[in-house]
Amino acid sequence: LDRSPALVCELEAAIAASSRAALLEEYERLLVGPGRVPCAPYESLWRTDAPRRERGVLMGAAATEVARLYGELGLQVKADAHELPDQLAVEWEALAYALDRERRDVAAALLDDHLAQWVPAFAAAVAAETQEPFYAALASLTAEWTAALAP
């Protein structure tokens with residue numbers, strides 16, 4: 001976490017320098033759509049070790065596997081959440097839950113077998129694609145924290 005304090009300062013400065021409307025517009029362009037989404041935040045889309053027929057496809061094996069891990073924690077993605085199990089924020093939330101409950105086995109699986117396998121590429125793509133310094137700083141910080149937590 002050598003760069004974390006500097007990255008947090010960058011993030012704070014970027015927030016102060018950006019308008020809420022600009023951040024929302026960039027968020028939708030990068031991550032949501034409509035239209036082409038350059039950085040969709042789903043593990044299944046970023047895994048290069050998936051079988052060829054599953055690469056770049058939503059709800060791949062990674063989504064099934066993280067859903068199974070959530071089940072080990074007694075969790076599931078709500079049907080009305082309109083989100084897939086391998087979405088970045090959902091995976092991080094499950095990791096926080098596992099750590100809070102001292103389920104180090106599940107936390108390790110979420111980190112080692114999932115987040116560490118795709119967040120670096122995703123974060124690099126966000127940093128390269130974004131037009132807002134906030135998202136570049138957030139991507140860098142996310143990649144750093146992922147690397148620091150994973151062995």
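In this text, all values refer to a predicted model and were calculated from it rather than measured experimentally. As a basis for the values below, the full set of heavy atoms in this structure was taken, side chains included, without hydrogen atoms, waters or symmetry mates.
Under the 4.5 Å side-chain heavy-atom criterion for grouping Ile, Leu, Val, Met, Phe, Trp and Tyr, Leu149 is connected to Leu73 within one hydrophobic cluster. One hydrophobic cluster holds both Val66 and Tyr97 under the rule that ILVMFWY side chains link at heavy-atom gaps under 4.5 Å. Taking hydrophobic clusters as Ile, Leu, Val, Met, Phe, Trp and Tyr residues chained together by side-chain heavy-atom distances below 4.5 Å, Phe134 does not share a cluster with Val37.
Note: Gln117 CD to Asp112 CG = 8.0 Å, rounded to the nearest 0.5 Å. Atoms CG and OG1, from Leu111 and Thr146 in turn, are 7.5 Å apart once rounded to the nearest 0.5 Å. To the nearest 0.5 Å, atoms OG1 (Thr64) and CG (Leu69) are separated by 11.0 Å. A distance of 11.0 Å separates CG of Leu88 from CH2 of Trp46, quoted to the nearest 0.5 Å. Here the straight-line distance linking atom CG of Leu11 with atom CD1 of Ile15 works out to 4.5 Å at 0.5 Å rounding. If you take OG on Ser19 and CD on Glu26, they are separated by 11.0 Å, rounding to the nearest 0.5 Å.
With contacts defined as side-chain heavy-atom distances shorter than 4.5 Å, the pair Gln76/Pro85 does not qualify. The shortest side-chain heavy-atom distance between Tyr42 and Trp118 does not fall under the 4.5 Å cut-off.
Heavy-atom contacts from other residues, nucleotides or ligands closer than 6.0 Å to CD of Glu93 number 12 or fewer. A 6.0 Å sphere centred on CD of Glu83 holds more than 12 heavy atoms belonging to other residues, nucleotides or ligands.
The two atoms that bring Ala136 and Thr130 nearest to each other are N-CG2, 3.6 Å, heavy atoms only. Closest non-hydrogen pair, Ala94 versus Tyr70, comes out as CB-CE2, 3.2 Å. Taking every heavy atom of both residues into account, Ser44 and Gly60 meet most closely at OG-N, 2.9 Å. In terms of heavy atoms, Val32 sits closest to Tyr27 at CG2-CE2, 3.4 Å.
Between Glu25 and Arg29 there is no salt bridge, since no side-chain nitrogen of the basic residue lies less than 4.0 Å from a carboxylate oxygen of the acidic one.
Using modelled atom types, one finds no donor on one side chain facing an acceptor on the other under 3.5 Å when comparing His114 with Glu91.
Between the side chain of Arg47 and the backbone N or O of Ala61, no donor-acceptor pair lies under 3.5 Å. No donor-acceptor pair closer than 3.5 Å links the side chain of Trp92 to the backbone N or O of Gln87.
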Worked verdict on Cys39 versus Leu31 for side-chain contact (heavy atoms from CB on, under 4.5 Å): CA-CA 5 Å; Cys39 303; Leu31 306 168; 4.1 Å; yes

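Exactly one residue among Leu84, Leu115, Leu58, Asp86 makes a side chain to side chain contact (heavy atoms under 4.5 Å, CB included) with Glu43. That residue is Asp86.
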